[in-house]
Trainee: 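Can you read through this structure? Questions will come right after.
All chains are named by letter (A, B, ...) in the order of the sequence lines, taking the proteins before the strands, and each is independently numbered beginning at 1.
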Amino acid sequence: MSETNLPAAYSPAEIEAKWAERWESDGLHKYDPARPRSETFVVDTPPPTVSGSLHMGHVFSYSQTDVLVRQQRMLGKNIFYPMGWDDNGLPTERRVQKQFAIRCEPGLPYRAGWTPTPAAEGTKTSEEVSRKNFLEACAVQTAEDEKKYEALWRRLGLSIDWTQHYSTVGERCRRVSQLSFLDLREKGLVYSVEAPTLWDTGFRTAVAQAEVEDREQNGNYHDLRFQVEGGGDFVISTTRPELLAACVAVVAHPDDARYQTLFGKRAITPLFGASVPIMPGAHADPEKGTGILMVCTFGDIADVEFWREHKLPLRQVIGRDGRLLPVEFGKGAFESTNAAAANEAYKNLAGLYPKQARTKSAELLAAAGVLTGPPKPTVQAVKFYEKGDQALEFVPTRQWFIRILDAKADLLAQGRKVRWHPDYMLKRYEQWVEGLNQDWCVSRQRFFGVPFPVWYPLDAKGEPQYDKPLLADRKSLPVDPLADCPPGYQESQRGVPGGFAGDPDVMDTWATSSLTPQISSHWGLDPERHAKLFPADMRPQAHEIIRTWAFYTITKSWFHEKSVPWRDVAISGWVVSPDRQKMSKSKGKAVTPEGLLETYSADALRYWAARAKLGQDTMYDEMVFKVGHRLATKIFNASKFTMLQLSAVPGERSLSDVTEPVDRAWIAKMRALIEESGKDFASYDYAAVLIAVESAFWSFCDDYLELVKNRAYGAGDEKARRSAVASLEWTLKAFLRLFAPFLPYITEEVWSWRFAETEKRPSVHAAPWPAAAEAAAVPAAQPELLRLAKEVLDATRAEKAAQKKSVKWPVKSLEISGAAGSLATLKTVLADLCAACSASPEAVTMKEGAAPETALLSLAVALAEEDNRPKAPKAAA
RNA sequence: GGGCAGUUAGCUCAGCGGUAGAGCAUUGUCCUCACACGACAAGGGUCACAGGUUCAAAUCCUGUACUGCCCACCA
């Protein structure tokens, strides 16, 4: 495009559509596997959860990552920037259930030819389908969502290499996940055990410590009187009377004077008449309740630990569905001094959910006269699965665990080898690792996920022999143990005594997403590629998943490769709505990224995201989009103007043409800006770069352009004009490149007008990041020059504003006093200055004198009485 | 309860040892041959509070108070 034929107005929608397509067809974002590791920058991109739609929180953090990536690309790096979709988790499963009104029933046979159809609005019932059919429905739904996600990312201008994309439920991810499992198994780092586990009764699955959160709940203390065998009694204060039937001991602090005489004796539980030992236990807090408490199987983690340590009997009353199990006193572990009465009492509770059982128990206890007073309300913290709405219970089940507790010290050391941005985020990691109290439970009793590559031989009675698991061959991965046969068996032996059974569980989604660096690198498939891409350079992620994603990724890399997974981790903040709620969690999600892109442009949204530093939560504020849009418009207009000046002066120009002191001073300012920007980017502080570049750009438009305009028009001699034009050209090139990572569309558009050709770089994004050395040849100017000029400009502008005159109103006289040095410097720019403030050189008088404290000059401005300029011909509208 | 951040103009934030800053909002102007999707100007702050270090503190140290987040807290 020639400069005489530039677009009249800035039209972001057109520009963005045009360049998004061009970048794709030119392969601008493609990773080049031929280039060496040292020239490569590898991003371990977060795979967004596929559960419907992306929100402004995603736009925010992914834009920040893209800014860093684009700057690396301009530094000449071979960028590896893949995108993945996390589509194997519970959120996806739930979305599919709702979307098609189906439910997975693993017992059902596969129905060939069945296709999922979207459920009608308000459908209440759900159709039961086989596991395989359910997985097919998941595939259909995720494919559709992922198409939408990709379109949004392209529109936003994320410079992703789409040929590198993956999906966590895809074959390669299943393969890597299973390979990881087998590798850990070989290293002795994974085990299965039947033990009390954090269990979500709503989803009916085990969950890991990392997915648990505390929620405040209202409860009541119930004071129950226990009898002591051989006489005496004491009172226990409990919020969970429904667990009385599961009581296996009572415990007080070893130093608690009140209970010294009871230790070693036995108590009789009310209602159920179980004889339980009274034991000392350090976890009992004398200050809480009555200082003595029940150990139940299981009320909390302390119960589990005490029960395990003292090998107490198991009286499990909570079932996998959360209801109280039908147990019989007088049998097995449920001993009772009065089984008949116990069973009579318990039959009121069997089948109830904990909350109902709590109320019922309180009634029974009151009726039995065991309560010593009315219930006392309290607020307690209760553990919930973060995605669940039922309180977690401890239920003994068989689960797979990864041995992380033994590795705490190593994992702390690994975390410290990574550079965290901002650095204080390391603390969160450390605090999490230090507080770990359970191995990582990786099995989930769900359907849509990566299965374990494991089968169990069945003994003569058809019982699985869990201690002799049959593992898949590494070469056969991925396998589905419910569909595939273990090595050496026939399908006909499935489920029959002497045959085998597949492990029915699937892995925690983090077991897969903790391997994203290995997934991208094709670990186990392509060793050469893996060596080039692992470990990665940068991991961008949000802070609330430090304990999950960052932690598990560091863990897996340590276990598999004794390496950190990446060198830097960039932690983004959240987007908060004006009521200070996290946007992605708030109900009012009416603002969709698509709509905002339509209204404001991708560059405007990216501007908003890039104004926020890493780790810092940011207000959702449409005013900032407007500011971003305004900046892009200004770049469009100032560039158009500048290029018109360039085309008016024929021939090539270089910085050696920059001879005027004011131009040299400007170049020096740009040089400092470039230097600072490089440093800030190196420390991941892109926001500081944007702020500095933006501020310099406005001063370029408002002051420097005004100063050199006349000279660029040809008001002075040819050498002076060349100096102005050469400076403008170089400055514009520098600005476009400095802005390019932030505002990829407008900068690319403007670049294409001229510099794509003159610089032999078809894309600004493939142009080199500005180097301060470029300007090294330009001799240093008087450092105060620009400031002095601005003081004069501002004084005349202020006077004109005060007198309500136009900016071009002529100045009658301009008296300047200041230090001799300042005046000498000012003289070198006087011609430009006079032109910029409409004063004739004769109107200026200078004399040495004192300047005010806050300025370099003292100025007196008088305006002409009349504007006697010739009227400029009005351009047709 | 432990940890980490933050508290600067009406709002959103930058500055992090040397004369209080920006954008938005408010007010008043100006069609100026790139841009009215623009430009100029004005008003607006004892930089949460209290001590300390220093010639000098919004900036460093200590403490306090709020706010937010992360973690812990189930008798």
Trainee: Quick check on B:A34: is either OP1 or OP2 less than 4.0 Å from any side-chain nitrogen or oxygen of A:Y713?
Mentor: yes

Trainee: Distance check, C1' atoms only: B:U7 and B:A14, in whole angstrom units.
Mentor: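 Taking atom C1' in both B:U7 and B:A14, they lie 15 Å apart.
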
Trainee: Considering every strand and a 4.0 Å limit on heavy-atom distances, what is the contact class for A:Y221: base, sugar-phosphate, or nothing?
Mentor: sugar-phosphate

Trainee: Let's see if you can work this out: which of B:G28, B:A72, B:U19 has an atom nearest to the side-chain heavy atoms of A:Q209?
Mentor: B:A72

Trainee: Applying side chain to side chain donor-acceptor pair (under 3.5 Å), can you list everything that pairs with A:E430, at least two apart in sequence or on another chain?
Mentor: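 For A:E430, the residues satisfying side chain to side chain donor-acceptor pair (under 3.5 Å) (neighbours in sequence not counted) are A:R416.
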
Trainee: Got a sec, which residues hit side chain to side chain donor-acceptor pair (under 3.5 Å) with A:W199, two or more places apart in sequence or on another chain?
Mentor: none

Trainee: Can you tell me, in whole Å, how much space there is between the C1' of B:C61 and that of B:G45?
Mentor: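 Per the computed distance, 25 Å lies between those C1' atoms.
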
Trainee: Please give, in whole Å, the distance from B:C70 C1' to A:L426 CG?
Mentor: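 Nearest whole value for this atom pair: 14 Å.
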
Trainee: Does NZ belonging to A:K408 count more than 12 external heavy atoms closer than 6.0 Å?
Mentor: yes

Trainee: For A:Q431, what residues pass the side chain to side chain donor-acceptor pair (under 3.5 Å) criterion, not counting sequence neighbours?
Mentor: none

Trainee: Pull out every protein N or O sitting under 3.5 Å from an N or O of nucleotides 7-9 of chain B, one pair per line with the distance.
Mentor:
none

Trainee: Could you check whether A:A687 gets within reach of a base, just the sugar-phosphate, or nothing at all, counting any heavy atom under 4.0 Å?
Mentor: nothing

Trainee: According to side chain to side chain contact (heavy atoms under 4.5 Å, CB included), who are the partners of A:A835, at least two apart in sequence or on a separate chain?
Mentor: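 Expected list: A:N710.
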
Trainee: Quick one: does A:E749's side chain get under 4.5 Å of A:S639's, heavy atoms only?
Mentor: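 No. Closest side-chain heavy atoms not under 4.5 Å.
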
Trainee: For A:K634, answer base if it contacts any base atom (sugar-phosphate contacts may also be present), sugar-phosphate if it contacts only those atoms, and nothing otherwise; contact means non-hydrogen atoms under 4.0 Å.
Mentor: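 The residue A:K634 makes base contact.
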
Trainee: With both distances kept under 3.5 Å, what pairs with B:A22, Watson-Crick or G-U wobble?
Mentor: B:U12

Trainee: Mind checking the P distance from B:G6 to B:G15? Whole angstroms is fine.
Mentor: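 One P to the other, the span is 11 Å.
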
Trainee: Would the base of B:C74 count as contacting A:K383 through its side chain, where contact means a donor and an acceptor less than 3.5 Å apart?
Mentor: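 No, the side chain and the base share no sub-3.5 Å donor-acceptor pair.
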
Trainee: Classify the nucleic acid contact of A:D794 as base, sugar-phosphate or nothing, counting any heavy atom under 4.0 Å across all strands shown.
Mentor: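 Answer is sugar-phosphate: A:D794 comes under 4.0 Å of backbone atoms only.
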
Trainee: Test of understanding: with salt bridge (Lys or Arg N to Asp or Glu O under 4.0 Å), list the residues that count as partners of A:D621, not counting sequence neighbours.
Mentor: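 Expected list: none.
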
Trainee: Tell me every residue that passes salt bridge (Lys or Arg N to Asp or Glu O under 4.0 Å) with A:D285, counting only those two or more places apart in sequence or in another chain.
Mentor: none

Trainee: Give the nucleotide from the list B:A72, B:G38, B:G23 with an atom nearest to the side chain of A:V627.
Mentor: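 From the listed options, B:G23 comes nearest.
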
Trainee: Pairing check on B:U32: which nucleotide meets the Watson-Crick or G-U wobble criteria with it, both distances under 3.5 Å?
Mentor: none

Trainee: Is a salt bridge present between A:E622 and A:K626, judged by a nitrogen-to-oxygen distance below 4.0 Å?
Mentor: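 Salt bridge between A:E622 and A:K626, a charged N being under 4.0 Å from a carboxylate O: no.
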
Trainee: To the nearest 0.5 angstrom, please state how far the CE atom of A:M56 sits from the OG atom of A:S61.
Mentor: 10.5 Å

Trainee: Can you tell me how far C1' in B:U26 sits from the matching atom in B:G63, rounded to whole Å?
Mentor: 39 Å

Trainee: Which of the following nucleotides, B:C73, B:C40, B:C69, is nearest to the side chain of A:R797?
Mentor: B:C40

Trainee: Which residues in residues 693-703 of chain A have a heavy atom closer than 4.0 Å to any atom of RNA chain B?
Mentor: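 Going residue by residue through residues 693-703 of chain A, the ones with a heavy atom under 4.0 Å of RNA chain B turn out to be A:W698, A:C701, A:D702.
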
Trainee: Listing time: all N or O pairs from protein to nucleotides 14-17 of chain B that are below 3.5 Å?
Mentor:
unit_1 : atom_1 : unit_2 : atom_2 : d
B:A14  : OP1    : A:Q616 : OE1    : 2.9
B:A14  : OP1    : A:Q616 : NE2    : 3.2

Trainee: Please determine, for the side chain of A:Q431, which listed nucleotide (B:A25, B:C30, B:C70) has the closest atom?
Mentor: B:C70

Trainee: Tell me which pairs pass salt bridge (Lys or Arg N to Asp or Glu O under 4.0 Å) where either residue lies in residues 696-712 of chain A, with sequence neighbours left out.
Mentor: A:D663-A:R711, A:D703-A:K790, A:D703-A:R797, A:E706-A:K709, A:R711-A:D832

Trainee: Measuring only the C1' atom in each nucleotide, how far is B:G44 from B:G10? A whole number of Å is fine.
Mentor: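 Pairwise C1' distance, B:G44 against B:G10, rounds to 9 Å.
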
Trainee: If we ignore angles and hydrogens, is there a donor and acceptor under 3.5 Å between the side chains of A:S727 and A:Y704?
Mentor: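 Note: A:S727 and A:Y704 side chains meet the donor-acceptor criterion.
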
Trainee: When the C1' atoms of B:C47 and B:C73 are compared, how many Å lie between them, rounded to an integer?
Mentor: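 About 37 Å, rounded to a whole number of Å.
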
Trainee: B:A9 and B:A5: how far apart are their P atoms, nearest whole angstrom?
Mentor: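 Taking atom P in both B:A9 and B:A5, they lie 22 Å apart.
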
Trainee: In the strands shown, is B:C37 matched to any nucleotide by a Watson-Crick or G-U wobble pair with both distances under 3.5 Å, and which?
Mentor: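 Across any shown strand, B:C37 pairs with none.
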
Trainee: Using Watson-Crick or G-U wobble geometry with both distances below 3.5 Å, tell me the partner of B:G17, or none.
Mentor: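 Check on B:G17: unpaired, no WC or wobble geometry under 3.5 Å.
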
Trainee: According to side chain to side chain donor-acceptor pair (under 3.5 Å), who are the partners of A:R240, at least two apart in sequence or on a separate chain?
Mentor: A:E242, A:E393

Trainee: Which part of the nucleic acid, if any, lies within reach of A:Q380 when heavy atoms closer than 4.0 Å are counted: base, sugar-phosphate only, or nothing?
Mentor: sugar-phosphate

Trainee: Return no unless some side-chain N or O of A:R547 is found under 4.0 Å from OP1 or OP2 of B:G3.
Mentor: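 For B:G3, neither OP1 nor OP2 has a side-chain N or O of A:R547 closer than 4.0 Å.
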
Trainee: Between A:W549 (CH2) and B:C70 (C1'), how many Å, whole number?
Mentor: 19 Å

Trainee: Any N or O donor-acceptor pair under 3.5 Å from the base of B:C37 to the side chain of A:T633?
Mentor: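 Pair found.
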
Trainee: RNA chain B: A:L293 or A:F641, which has the more 5' nearest nucleotide?
Mentor: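 Comparing both residues, the 5'-ward one is A:F641.
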
Trainee: Would you please confirm or rule out a distance under 4.0 Å between OP1 or OP2 of B:C24 and any side-chain N or O of A:R630?
Mentor: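 The answer is yes; a side-chain N or O of A:R630 sits under 4.0 Å from OP1 or OP2.
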
Trainee: Taking the side chain of A:W432 as its heavy atoms from C-beta onward, which of B:A34, B:A72, B:C73 lies nearest to it?
Mentor: B:A72

Trainee: Does the structure show a Watson-Crick or G-U wobble partner for B:G44, both distances under 3.5 Å? Name it, or say none.
Mentor: none

Trainee: When you match A:A9 and A:E216 each to their closest nucleotide on RNA chain B, which lands nearer the 5' end?
Mentor: A:A9

Trainee: What's the closest nucleotide to the A:K808 side chain, out of B:C40, B:C35, B:U32?
Mentor: B:U32

Trainee: Need the pair for B:G1. Rule: Watson-Crick or G-U wobble, both distances under 3.5 Å, any strand; none if unpaired.
Mentor: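 Across any shown strand, B:G1 pairs with B:C71.
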
Trainee: Roughly, in whole Å, what's the span from NZ in A:K804 to C1' in B:A42?
Mentor: 12 Å

Trainee: Determine: side-chain N/O of A:R428 to OP1/OP2 of B:G3, distance under 4.0 Å, yes or no.
Mentor: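 Answer is no, no contact under 4.0 Å.
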
Trainee: If the threshold is 4.0 Å, N to carboxylate O, is there a salt bridge linking A:D223 and A:K376?
Mentor: yes

Trainee: Once you apply the 3.5 Å cut-off to both distances, tell me the Watson-Crick or G-U wobble partner of B:U54, or none.
Mentor: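 Per the H-bond distance test, none.
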
Trainee: Of all the choices, B:G28, B:U12, B:C73, which nucleotide is nearest to the side chain of A:M619 once you look at every atom?
Mentor: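 Selected nucleotide (nearest to the side chain): B:U12.
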
Trainee: Got a sec, which residues hit salt bridge (Lys or Arg N to Asp or Glu O under 4.0 Å) with A:E598, two or more places apart in sequence or on another chain?
Mentor: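 Salt bridge (Lys or Arg N to Asp or Glu O under 4.0 Å) list for A:E598, sorted by chain: A:R155.
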
Trainee: So, is A:K709 close to the B:A34 phosphate, meaning a side-chain N or O under 4.0 Å from OP1 or OP2?
Mentor: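 Answer is yes, contact under 4.0 Å.
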
Trainee: Taking atom types as modelled and ignoring hydrogens, do the side chains of A:Y353 and A:Q390 form a donor-acceptor contact shorter than 3.5 angstrom?
Mentor: no

Trainee: Pick the P atom in B:U12 and in B:C16, then give their distance to the nearest Å.
Mentor: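 It comes out at 22 Å once rounded to the nearest Å.
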
Trainee: Give none if B:A65 has no partner; otherwise give the nucleotide forming a Watson-Crick or G-U wobble pair with it, both distances under 3.5 Å.
Mentor: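 B:U7 - that is the nucleotide pairing with B:A65, both distances being under 3.5 Å.
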
